[in-house]
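The analysis underlying the following values was restricted to heavy atoms, covering all of them including side chains, and did not include hydrogens, waters or symmetry mates. The shown structure was predicted, so the numbers you read here are calculated from the model rather than taken from an experiment. Just so we're on the same page: letters track the sequence lines, and every chain starts at 1.
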Protein chains: 2
Amino acid sequence: MVERIVEAGRAVLAEEGYDACSTNRIAARAGVSPGSVYQYFPDKAAIVAAVIEGWSDETAERVAASLADRVGEPGGIGMVRATIEALLSALEADPELLRVVSEELPMAQHKERRTALERRVRELTATWLAVRPGASTAPDPAVSAWVLVLALENLAVRWVLDSPPVPRERLVEELVALVTGYLSAPRPG
Amino acid sequence: MVERIVEAGRAVLAEEGYDACSTNRIAARAGVSPGSVYQYFPDKAAIVAAVIEGWSDETAERVAASLADRVGEPGGIGMVRATIEALLSALEADPELLRVVSEELPMAQHKERRTALERRVRELTATWLAVRPGASTAPDPAVSAWVLVLALENLAVRWVLDSPPVPRERLVEELVALVTGYLSAPRPG
DNA sequence: TCCTGACGCGAGTGATCACTCGCATACAAT
DNA sequence: ATTGTATGCGAGTGATCACTCGCGTCAGGA
C-alpha cells in the first residue's frame, strides 16, 4: 500500500513533472483517497523523498556494484570502460525521472541523498585508484576521485538528457580518454 | 526603477533563497508597492528571468572574454590555465546567487539561457581546439569542446558550492591536468 | 489658483493546495 | 445478530501568494 503510493508518485513525477505533482494527483493516480495518503506519510515531502530514495538506491547500486566487484582486480582500461557503461545504463533506465530529479526538483530536498550517493562512488573510486598499478603519478586518490566522479557524472547526465549528436560508443571512448588522460597527465613536482 | 526591482530580486534570491522570494517580499525590499512592480514586469517569472539574465551575462562575459582574447594565440598550457582561472573567478563573484541558481531554481525557467551560455563558450573552445598546434590528435573539436566545457563547469561549480578540502591552486592544477591529459590521450584509430 | 493625468500605492481577491476530520464500511470477536 | 475497531474516504479548511483595482498624490500647464 505504501508501495502503491510511492509508485504513483514516481509515475506522476516522471510523466507530468514536479509542478503537476500535487498530493491529490498522486492519490488519484494510486487509486486511493487523499486522506489515506496521510496515514502512511507525514507530508508531501516524505512521498517525494521515498520516490527519490528508491531511484537513487537503484542507480547507486548499479554503479557501485560494477565498481565494487572490480576493486582489487588488475586495474586497466577495461575497468574504466565497464564502470562508464554501468553509469550510462543506470541513468538511461528512466530518463524522464532523471530529468525531473536533476532539473525540476529543488535540490535542497534531495541534496543529502545525492551527496551520499556521490560519496559512496567516490570512496570506491579512491580505493581503486590507490591500489591500481602506477598509482604514484596521481598524488592524492581522494582528490582524483572527486574530480573524476563529478566530471563523469555531469557528462553522463547531460548526454542522456540533452541527447547531443554524439553516438553512445563515441561518448564512451571520450570518457575513457578523459579518465586515462587525466590519470596519466604529467604533474608539477 | 526597473533596475531597483531587479536589484531587490537579486538580493532577496541570494539572501533568503527561492522559497522566500515572493513578489511582495521583492517589492518590500525594493521599497516599492507590490502593485507598482506589475507596471514594469508582466509576472513574477519575468523578474526572476531578469535577475538570472543579469548574472548570466556577467558570468559568461568574464569567461568568454578570457577565451575570445586568446583564440588564435599560440595555444599552450597558459591559455588553459587562464581560462580556468577566469571561470573560477566568475563563479566566486557571488556564491550565494550561484547556489540559488544551480540548486534552488527549477531549471526549466532558465534552461534556455544556461544552454545559450554553454553553447557560446563551447564554440569558442572548439575554435581554439581547431587552430591549436597538434590538433590532429583530437578528431572532432565540437565533441572535445562539449566534453571539456561540461566537465569543467560542473567541477568549478561544485568546488565553489561544496568547498571541499582542496585548495584553489591545487584545483587549478587538477583541472589543467584534466584538460591536457584528455587532449593528449591516445585514441583508437 | 485650479485642473489634469500619470504614477504609485496597498488592501483586497481568487485560485491553488497541503492537510484534516467526521463518517461509512467491512471485518473480527463475542 | 451485535458490537467494537480499524481502514479508507472525500468534501472541507486554512493559509499562502500571484496578481488587480480603485484611490490618493503631486507633477506641470493654463
Side-chain angles (χ1 to χ4, degrees), chain A residues 1-55 96-97 100-101 103-113, chain B residues 1-55 96-97 100-101 103-113:
Chain A
M1 172 60 121
V2 168
E3 193 181 347
R4 231 180 47 201
I5 295 170
V6 172
E7 183 48 44
R10 187 170 178 145
V12 171
L13 273 179
E15 291 169 21
E16 323 218 18
Y18 182 66
D19 288 345
C21 179
S22 69
T23 53
N24 290 12
R25 211 171 182 90
I26 293 177
R29 175 70 182 236
V32 293
S33 122
S36 301
V37 168
Y38 287 91
Q39 287 190 337
Y40 300 96
F41 293 93
D43 54 19
K44 181 186 175 177
I47 307 172
V48 175
V51 173
I52 303 306
E53 180 163 342
W55 176 83
E96 291 307 317
L97 195 57
V100 173
V101 168
E103 299 190 346
E104 290 190 3
L105 287 188
M107 230 209 273
Q109 287 190 3
H110 63 287
K111 181 164 190 171
E112 204 167 327
R113 180 145 295 273
Chain B
M1 172 61 120
V2 169
E3 194 180 347
R4 241 197 16 218
I5 295 171
V6 173
E7 183 48 43
R10 187 170 177 144
V12 172
L13 273 179
E15 291 169 20
E16 323 218 19
Y18 181 66
D19 288 345
C21 179
S22 69
T23 54
N24 290 10
R25 212 172 181 91
I26 293 177
R29 175 70 183 236
V32 294
S33 121
S36 302
V37 168
Y38 287 90
Q39 287 191 338
Y40 301 96
F41 293 92
D43 54 19
K44 181 186 176 178
I47 307 172
V48 175
V51 173
I52 303 306
E53 179 164 342
W55 175 84
E96 291 307 318
L97 195 56
V100 173
V101 169
E103 299 190 346
E104 290 192 3
L105 286 188
M107 231 211 269
Q109 286 189 5
H110 63 287
K111 180 163 192 176
E112 205 167 327
R113 179 146 295 274

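Contacts of A:Val37 with the nucleic acid, taken as non-hydrogen atoms under 4.0 Å apart, are absent. Counting non-hydrogen atoms under 4.0 angstrom, B:Asn24 reaches a base of the nucleic acid.
When all heavy atoms of A:Leu105 and A:Val101 are compared, the pair lying nearest together is CB-O, 4.0 Å. Across all non-hydrogen atoms, the minimal contact from B:Ala11 to B:Arg29 is CB-NH2, 3.5 Å.
Side-chain N/O atoms of B:Gln39 include none lying less than 4.0 angstrom from OP1 or OP2 on C:dC7. A close approach under 4.0 Å does occur between a side-chain nitrogen or oxygen of B:Tyr40 and OP1 or OP2 of C:dG8. Taking only side-chain nitrogens and oxygens, B:Ser36 comes nearer than 4.0 Å to OP1 or OP2 of C:dC9. For the OP1/OP2 pair of D:dC19 and a distance below 4.0 Å, the side-chain nitrogens and oxygens of B:Thr23 include no atom meeting the criterion.
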* **CA sep, side-chain torsions, deciding dist, call: A:Val48, A:His110, side-chain contact (heavy atoms from CB on, under 4.5 Å)** => CA-CA 9 Å; A:Val48 175; A:His110 63 287; over 6 Å; no
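Between A:Ile47 and the choices A:Val6, A:Ile26, A:Val12, A:Leu13, the side chain to side chain contact (heavy atoms under 4.5 Å, CB included) rule is met once, by A:Ile26.
Inter-residue side-chain proximity for B:Asn24 and B:Pro34 is flagged as met; some heavy-atom pair is nearer than 4.5 Å.
For the pair B:Asp19 CG and D:dA18 C1', the computed distance is 15 Å after rounding to whole Å. The CE-P distance, from B:Met1 to C:dC7, rounds to 10 Å in whole Å. Rounded to an integer number of Å, the gap from CZ of B:Arg4 to P of C:dC7 is 15 Å. Distance OH (B:Tyr38) to P (D:dC19): 4 Å, rounded to an integer number of Å. One interatomic measurement links the two molecules: CZ of A:Phe41 to C1' of C:dT20, which rounds to 18 Å at whole-angstrom precision. Atom CZ of B:Arg25 is separated from atom C1' of D:dT16 by 13 Å (rounded to the nearest Å). Rounding to whole angstrom units, NZ of residue B:Lys44 and P of D:dA18 are separated by 4 Å.
Below the 3.5 angstrom threshold, one finds a donor paired with an acceptor across the side chain of B:Ser33 and the base of C:dG10.
Each of D:dA11, D:dC9, D:dC19 was ranked by its minimum atom distance to the side chain of A:Pro34; first place goes to D:dA11.
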